[in-house]
Amino acid sequence: MGNIISCCCLWQKVPDGECSERDPLLGSHAAAEGGAPSSGNAIADLVKSPVLHHVLAPYPDIVPNQSITSEPPHSGSLGVHRGSPGGGHNAPHWTSLEEGHGGCSGEILGVPHSRSTGEGYSVPNWGFPVPYKECPGEGNSEPQRTALEEGHKGLSEDNLDVPLKSSLEEGYRVSNWGLPEEGYRRSPGQNNRGYQRGSPSEQEEADLQECLSPAQSGSFTEHGDSAESAPLLLPPCLPPAPPGGAVQGYEVGWGHPPWEKPPAGAVILTDTPFPATKPPPLASQPLPASPGQWGVDSRAPPTDSEVPGGHQPCPVGLETGHLNLCLTDRLPLETSPLADGGEEDSSEQEVISFQAPGFTVWIQVPKMESFPLQVWPEQRVRDVRKALMDREDTCQRTCFSLRLDGKMLGELTELGFVEGLGEGSLLHVVDEPYTAHEARIHVRHVRDLLRSQESCDTYGGAKCSSMSFLRFCTHNPLEERREDSLGRNRVQYTPPQHILPGSRERPLGPMHPHSQDVMPPRCLKVLALSGWSPPPGNRKLHGDLLYLDVVTEEDRHVCITAHTRGFYLNQSSPYAFRPQAANPCLPHHSLVELLGHLSPSFKRNFSSLQRRRAQRDPLEKVAMPFQSHTWVAPQVEHTLDCVRAEDAYICHLGNSERAPGQTRDWNEDLQRSRELPSNTLQERLRREKAVFKVHNDLVAAAVHGAMAVIDGNVAAINPSEDPRMHMFMWNSLFFSLGFDIHGHYHHLGGDPAAHAAAALDLSGVRAYEAANVPGLHTLGTTLVGYRGYRLTAQTIVPGILECEQERSVVYGSIDFGRTVLSDAGFLSLLERAGDSLRVERHAVLDHNDRPVELCSAVECKGIVGNDSRHYIMDLLRTFPPDLNFLSPMEEGAELPPESQRLGFPRPHPHRLASLRPELLQAFITHRQLFCKDATVGSEIRFNPNVFSQGLRFPQDTCKQKQLICDAASFLLSHQIPGLVRACVEQTVLVADGATLTDALHQHGINIRYLGDMLQFINTSAARDRLHHLYRITVIELIIRCVKHIFRTFLQAVELSALSTAISHFLNCFLSSALPTTPRPPPALPPSHRKSRRRRARGPGGAGEGPAWASLTPRGLWRAIISEAQSYFHYSLLGENADSTVELYQLQKVTLLREICIKTGVQVQLREYSFDSRHKPLFTEDDILSISPLVKQLRPQASDGVRNLQAAQTQLQQGLLVEGKARLKEALVLFNSVYGPMHTDTCTCLHLLAHVHYSSREFPQALKYQQKAVLMSERLQGIDHPNTIQEYVLLALCCFASGQLRTALQLLYRARYLLLIVCGEDHPQMALLDGSIGLVLHAALEPELALKFLSSALCLTSRHHGLLSLRTAHSHQLLARVYESKGEFHSALQHEKEAYTIFRKQLHGEVQVKGAPEKLKESSEYLSNLTQLTAETHPPSPQPTAPSMPWILQQLNVINDITTLPR
């Protein structure tokens, strides 16, 4: 057995006894002369050796690999796999490298046959690219170039000249480089100066050496005896390897925990059993080894007492649990670039996935040829089933099983644990009998296939679908042909009129572009559940499950029976039930097959539909983790759909279609997922993935339940009480309305306090979840705003409904401090959470004047459920109160004079205003910097109870009160000015209400400070450069006031009048027409309405309509102005929409967009005449729907977030290679937790595209950025400012890749969206106009280029100043375009302006990068223009073409992108 490793590359396990020839590089060398090895071949002799056959006799499933028995192509060139072991073996042998690479080494190398791409390192001097594959000779003593993996750097004394370039395509590494960050140390051996990420500090290195005896220190020889090879140091847990060293499919213990069963199909090369438990830690387990073996140390082996079981295999992975290592090697991110007229690659592998090294299996489907399918060990059998249901040729099957060698595979079984499943295995698809449940699933699947190209679900906000228009923007032809002055046919790049600078048109139609063939082919007219369903008892005994009514495109009406054996046509009609089969043929197992036989149109159109579906990008088809809604949509035809009707019925019952009649215990599912182990990386990923999945399901159930509650489909559990006090139970969730029940919040503000308490409680739950204290549990909480109501959906504590709340609470107070309880268990858990939340442990006096220890707000309640878990709830006071809005203030607290001069403290509708956690963190950081002592910040703790009314303390609390006063004052003195300063410097870009809210919250500023923001901007010295911020803040303040009023307005509207009432409200808010009295919908027959109108015109005047109908534009705007003053303490000018829009230079379309987003209203996509005074702006038909507004927790992939933050830090430091590697690790981690669609994944893709673009790797940048745009459109919205930014970067990538037309189309799209979002006066518009002008200049469209560049100059001067360097650059660009036209006088004028600015700003400025070069360049260009102007040249009829590299360079300057030199 000792030599089996050195021979294992000559052998492999082959299914069905057939020889596998998988090596693409060895086609001309492998198995020469029919595979028979030539005489004298050392490898062939070794294969024929009886000794080797004797050694391998116990392993009959290992057969010789005849395809690799030939000699290497030249002497000394021994190509090997990545991750192969080093010396210490008996014979040289040849095996394959990855395609496109060669390798050479003079050492005798033992190579396991299976490629070890996931092991994380390679052998010295192996794996360099083909251009450098010349062998330098024995021992590799001469320098040679090799590729360094992305994200790593290092030096080695092996004389390796390493280019610092990306080599992900090569995929190879040099020894000692590219090791994963966690779990590795730098080798202390000789000849090693290689530092990789994760190298130890001096203290860590000292600790490592201290663990080793002097004789053992520095004696690592994992890769052989050669003293010239740089050794590799593995993690510190290394018992000896099993006999034979490596196991195929279980390489040196990597990629699979040895205490678990190895994957099926692995060739076990040892009789030593796998240990059942994890190995002991390093302190009790020395590192034994045998020189020359792979993955072991050269120290003495341990005794049996030191390692249970003696010499047992042990993991050498990242951490205990093993994430299959080297995450950056597993990124199947290939996708088709945005090529003009190119074909898209529809491979499902484009969807980003996190998987271990996969293998290929063959699928045998009945009546089809077998085909290969790539799978991964971590996948489950149901994932393979889903992949088959998504394929174009197998999508019609849903009820089938997968069988291996006749044995059925369980759906939840991981493929890695299926015995006998491996490379080349054949899986048979076997049709299974239907059940009623499976039949419904099949019909639902067929319906989804037929509607896969329709947009009804997308616009309606169903099935987690959303919109993406990138393919329409990039595939539609932009250009029109025209003849120039010389009669040549040229491409015209003129944009639509509404996109040109200065246009005041803001059409909504282009927001949803469509191609000419957007309408998909229709396959059926009707597919519906028949009224004859369910089958009667006698037909159930015959196997009938349900009946379907179908109307084909040929107008043929048929009734179909769903039978246990499939589907067949019966003899029933709409008026007669005859369930017998219409013909004696056997049932079709697929409904699609039956319909194809019944209707030729169906067969033809269904094939066309599937081809279109396959051409779509996978990211367009994958479901999102949560549902999003669009604020504007076209009117979609409502069609007959039995599946939609069934979904609505099931939703109202609170059941799942996968578990009919059952409800889900959300609390148990959520708590179990949170209690999963998280000690290793793999365990954390599994835990976070489970939490994320349960949370998304919980939010979806909460949204459906909240809508059912408000729509009246759920009965209250306390129906006898006032409707405002109703509570509801639905689908194991508890729902409560945001009203003051029983006067609990009377002393805090009543209903406004109750409304705010729900959001504050959610913030508290989010904070305690982030603290992640084991044993401390919170309830699953979701807030849903719908039709003016706020509902809180919470999971139910086990047992809380069985007793009174007073008896179940063991910690906290249920009467706001009059009675206070404490519990040692809760106190210990909360104290641990308080370390991260900055909550101080303190004592309060109870009603008996006894001190009670607390470590939270007194309102926080602790309950021990029947499941023995410790639950905390009512976390609304988790953070300290905001004293700026706590008037009147308590004794012992006084704001600084600076705050008092600003009018603080101010009254607020409720007394629950609290400080944000971001502010507390910024305050603590400021204190640390101010005191220059890090320990100061760690000692700061806040007492959230010091300002609670009626609460008494045994000790003086003045110090704590002053600390909270200082934090509130810090917000006014530092955070608001800091945000305004960041906006002036444009390090923070605000484009709409959402981005403004994010910026405020990131700085710890609450929305109630909007009025103070406006006042600060008005008094700022840079007010002239903050017009955009002032305008956006005014819009947000107005919309917030309107939202408050609209919430109360909707509560008084009955369901039948919602569309009329909402359209009337929008007319009063935005319309310039004369106020009209809306007509309520008819509720009585016509005869009754006539008599009622007759009575109304009698004595007493007009009849009284509903209260909402009395709203007028003047009354609404008076209410808005009053709300702005009372809530935001800001005096808003204007009496109506027209005067306010004129005073603050607003856009009505922007106001419409913001109010729809804030309230969930969806309006019809059409052109609205906002300035019309003759008819109402909106009608009831313009209101399409009202969608729920959801506030929820945001579970995160903690390891991915840490990698993303580290990558951002490295990129800011200029470490592009390291940052790129970190980003790819974060990308894989995010996908393992979230799936393919998430905003964090979108951020990673954007940064990766940016890094590749900066490195001039434009194809890779284009690939990543295309995915980022698709994700941003679907997750954040087609008109979100972040989506606009993604469009701009994608346009740059397209231009750099030579796709000028596509780049221009994307820039036009970005400009149009920005016009709708915030108007033309915005700093980002200056960048867009400059970019568009440059691309038009490259397209030889000087007139258009001058329009956009002139607009860019005007906007740049406005937002950056007349003497800014950006303004000078805009002048230079205009000079270049004028010069290309031959208008040298205009060019000279602009270049003079640029040179003047450069002299003022850069003269003597050595610290400004490139300052002397800019001055010199401008001076020389100015001289050239002066000379050209002095000469008499007529204007050129044909502009001169600029240099494309120069255009790209200027685009990068405009967009602040720094690229690496060539």
Side-chain angles (χ1 to χ4, degrees), residues 459 461 466-467 469 498-499 503-513 628-634 785 989-999 1007 1010 1028-1029 1031-1043 1045-1046 1062-1063 1065-1072 1116 1120 1137-1138 1140-1141 1144-1171 1177-1178 1182-1187 1189 1272-1285 1287 1309-1322 1324-1325:
Y459 290 126
S466 59
M467 296 177 298
F469 295 111
H498 61 267
I499 294 180
S503 174
R504 301 189 63 83
E505 297 180 25
R506 299 293 184 264
L508 290 178
M511 185 171 291
H512 291 200
S628 64
H629 302 270
T630 176
W631 65 274
V632 59
L989 276 179
V990 173
D992 68 343
T995 51
L996 175 62
T997 301
D998 291 341
I1007 292 296
L1010 283 176
H1028 69 289
L1029 180 61
R1031 186 177 62 256
I1032 294 170
T1033 308
V1034 168
I1035 292 175
E1036 184 67 11
L1037 186 145
I1038 292 174
I1039 296 301
R1040 294 280 177 169
C1041 295
V1042 175
K1043 179 183 176 181
I1045 300 169
F1046 185 72
I1062 294 174
S1063 62
F1065 186 92
L1066 292 179
N1067 282 327
C1068 293
F1069 177 48
L1070 294 173
S1071 179
S1072 301
L1116 176 59
I1120 293 173
D1138 291 336
T1140 305
V1141 165
Y1144 294 103
Q1145 300 179 359
L1146 310 180
Q1147 292 186 143
K1148 287 189 177 182
V1149 66
T1150 302
L1151 292 172
L1152 174 62
R1153 174 183 179 271
E1154 292 289 345
I1155 189 59
C1156 289
I1157 291 175
K1158 291 293 192 303
T1159 59
V1161 172
Q1162 186 182 72
V1163 297
Q1164 184 177 358
L1165 180 66
R1166 70 173 181 87
E1167 305 308 328
Y1168 294 95
S1169 301
F1170 290 101
D1171 298 328
L1177 181 59
F1178 299 93
D1182 291 324
I1183 310 302
L1184 299 184
S1185 68
I1186 181 167
S1187 57
L1189 306 172
S1272 184
E1273 279 188 316
R1274 296 198 59 200
L1275 293 168
Q1276 303 183 89
I1278 59 174
D1279 56 349
H1280 193 279
N1282 292 345
T1283 303
I1284 298 174
Q1285 295 280 11
Y1287 268 114
R1309 171 76 172 169
R1311 192 179 201 277
Y1312 165 73
L1313 293 176
L1314 194 61
L1315 285 172
I1316 296 295
V1317 169
C1318 61
E1320 198 165 35
D1321 185 15
H1322 193 275
Q1324 187 66 23
M1325 190 64 74

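Ala991 and His1322 make their closest contact through CA-NE2, 3.7 Å (heavy atoms, listed as atom of the first residue, atom of the second, distance). The two residues Gly1319 and Met1325 come nearest to each other via the heavy atoms O-CE, 3.6 Å. Contact record, Ile1062 with Ile1186: CD1-CD1, 4.4 Å, taken as the closest heavy-atom pair. Nearest heavy-atom pair across Leu1184 and Val1163 is CD1-O, 3.8 Å. The two residues Tyr1144 and Arg1031 make their nearest non-hydrogen contact at O-CG, 3.8 Å.
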Problem set entry | side chain to side chain contact (heavy atoms under 4.5 Å, CB included) evaluation trace for Thr630 with His512 | CA-CA 11 Å; Thr630 176; His512 291 200; 4.2 Å; yes

For this session: Evaluate the side chain to side chain contact (heavy atoms under 4.5 Å, CB included) criterion for residues Phe1046 and Val1161: first the C-alpha distance (whole Å), next the side-chain angles of each, then the deciding distance (0.1 Å), finally the verdict.
Result: CA-CA 11 Å; Phe1046 185 72; Val1161 172; 4.1 Å; yes

For this session: Check step by step if ring-ring contact (aromatic ring centres under 6.0 Å, His included) holds for Phe1178 and Phe1065.
Result: CA-CA 9 Å; Phe1178 299 93; Phe1065 186 92; over 10 Å; no

Exercise. Passes side-chain hydrogen bond (donor to acceptor under 3.5 Å, both in side chains), Thr995 versus Asp992? Steps please.
Worked result: CA-CA 6 Å; Thr995 51; Asp992 68 343; 2.8 Å; yes

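Taken from CG in Asp1321 to CG in Leu1315, the straight-line distance is 11.5 Å, to the nearest 0.5 Å.
Residue Phe1069 forms a side-chain contact (heavy atoms from CB on, under 4.5 Å) with just one option from Leu1177, Leu1152, Ile1039, and that option is Ile1039.
Here the side chain of Glu1036 pairs no donor or acceptor atom with the backbone of Ile1007 at under 3.5 angstrom.
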